[in-house]
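Here is the structure we will look at.
We name chains A, B, ... by the order of the sequence lines, and we start the count at 1 in each one.
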2 protein chains.
Amino acid sequence: MHAKSSQEGTFLSETNKFVPTEALGPADCKGLAEVLMSVGDKWTILVVGALSKGQLRYNEIQRRVSGISQRMLTLTLKRLEADGIVTRTLFPSVPPRVDYELTELGMTLRGALVPLHRWAAGNRQAILQNRAKAGS
Amino acid sequence: MHAKSSQEGTFLSETNKFVPTEALGPADCKGLAEVLMSVGDKWTILVVGALSKGQLRYNEIQRRVSGISQRMLTLTLKRLEADGIVTRTLFPSVPPRVDYELTELGMTLRGALVPLHRWAAGNRQAILQNRAKAGS
DNA sequence: CAGCATCCAAAAGGATACTG
DNA sequence: CAGTATCCTTTTGGATGCTG
């Protein structure tokens with residue numbers, strides 16, 4: 001592989017808001033893209049957001065993330081479970097009950113997603129207006 | 001447990017930053033999804049990241065965001081321009097030169113994306129290992 | 001209730017060729 | 001250099017029907 005820089009995330013200028021420098025090497029891009037592709041997904045972001053308040057049952061998630069189909073919810077949850085972002089707990093009752101909950105890793109992801117949620121909420125109108133203006 | 005008291009209050013996350021518990025109504029979900037779908041896109045995140053250091057020419061961006069095709073770069077830049085996140089500056093020289101740069105809005109987006117970048121960089125290994133373990 | 005399997009339509013995206 | 005246009009494959013995702 002490429003020369004290992006020992007740590008992938010070497011841009012720990014936590015003190016600086018704007019990480020102005022070369023945080024991402026060209027090689028890191030691919031690795032990041034890999035993660036961002038699964039985590040930056042629309043449904044993923046919304047499902048993680050829904051679970052941020054605590055564990056939820058399958059149908060509860062589907063109700064909160066309005067518009068998600070059964071298929072996409074299942075696929076998203078399976079991937080999140082495989083990635084170690086949520087846990088799946090089955091209660092062998094009748095009818096069955098399954099709870100999903102963020103893991104520690106999932107909580108940190110949620111934390112990293114909060115600014116993006118906020119940004120989207122705060123700038124949605126501006127973007128839609130820009131978009132409309134550009135379309136003219 | 002999470003008190004699901006009457007209305008949304010605030011929720012103390014593990015990382016101790018107080019996070020507003022979903023100020024997102026079910027209706028807002030759709031609106032947010034709309035923004036997140038375009039902004040939470042894989043290439044968008046990487047292109048905005050590349051531009052965070054300052055303006056770049058078309059080909060410079062393509063070189064930095066390795067793996068992106070000409071088509072996707074063009075489409076991504078057009079959308080970002082329409083959304084008011086980047087500016088496009090054409091220098092009518094021969095050969096032509098085009099610079100792309102983040103707008104103020106783009107800078108704030110970049111700020112909101114930093115935690116996600118850092119999370120992805122810091123947890124990539126953990127995720128890949130989880131995924132491999134789950135796959136076995 | 002909580003899924004899985006299947007089919008099919010739509011969208012995303014890469015490769016290639018061409019242009020000002 | 002910085003795109004545009006086209007083709008065509010891959011992926012995404014909804015709808016539906018069926019299980020434990």
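- Residues meeting the side-chain contact (heavy atoms from CB on, under 4.5 Å) test with R97(A), sequence neighbours left out: R57(A), F91(A), S93(A), D99(A).
- Residues that satisfy the side chain to side chain donor-acceptor pair (under 3.5 Å) test with N130(B), not counting sequence neighbours, are absent from this structure.
- In this view, A112(B) and P115(A), W119(A) satisfy the side-chain contact (heavy atoms from CB on, under 4.5 Å) rule, not counting sequence neighbours.
- Counting to the nearest Å, the C1' atom of dA2(D) and the CD atom of Q62(B) are 10 Å from each other.
- OP1 or OP2 of dA2(D) has at least one side-chain nitrogen or oxygen of R57(B) nearer than 4.0 Å.
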Where along nucleotides 5-20 of chain D does protein come under 4.0 Å, by heavy atom, of base (B) or sugar-phosphate alone (S), with - for untouched nucleotides?
-> -B------BB--B--B
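- Side chains of V35(B) and N123(A) form no contact here, defined as non-hydrogen atoms less than 4.5 Å apart.
- The side-chain contact (heavy atoms from CB on, under 4.5 Å) check on Q129(A) picks up Q125(A), with sequence neighbours excluded.
- The stretch residues 76-92 of chain A has no heavy atom under 4.0 Å from DNA chain D, so no residue of it qualifies as close.
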Which pairs of donor and acceptor atoms, one on a side chain in residues 71-78 of chain B, lie under 3.5 Å apart (sequence neighbours left out)?
{"residue": "T74(B)", "atom": "OG1", "partner": "Y58(B)", "partner atom": "OH", "Å": "2.8"}
{"residue": "T74(B)", "atom": "OG1", "partner": "Q70(B)", "partner atom": "O", "Å": "3.0"}
{"residue": "T76(B)", "atom": "OG1", "partner": "M72(B)", "partner atom": "O", "Å": "2.7"}

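- Comparing the axis of the opening five pairs of the helix from dC1(C)-dG20(D) to dG20(C)-dC1(D) with that of the closing five pairs yields an angle of 50°, rounded to 10°.
- Proximity of K53(A) to R64(A): side-chain heavy atoms (C-beta onward) are separated by under 4.5 Å at one or more points.
- When side chains are defined from C-beta on, I45(A) does not count as touching V39(A), because their heavy atoms never get closer than 4.5 Å.
- Here S52(B) contributes atom OG and L109(B) contributes atom CG; the two are 10.5 Å apart, rounded to the nearest 0.5 Å.
- The footprint of chain A on DNA chain C, defined by a heavy-atom cutoff below 4.0 Å, extends from dC1(C) to dT6(C).
- Between V47(A) and V86(A), every side-chain heavy-atom pair lies at or beyond the 4.5 Å cut-off.
- Proximity of a side-chain donor or acceptor of D41(A) to a complementary backbone N or O of W43(A) within less than 3.5 Å is detected.
- For R110(A) (side chain) and V48(A) (main-chain N/O), no donor-acceptor pair under 3.5 Å exists by modelled atom type.
- Applying the salt bridge (Lys or Arg N to Asp or Glu O under 4.0 Å) criterion to R88(A), with sequence neighbours excluded, gives no partner residue.
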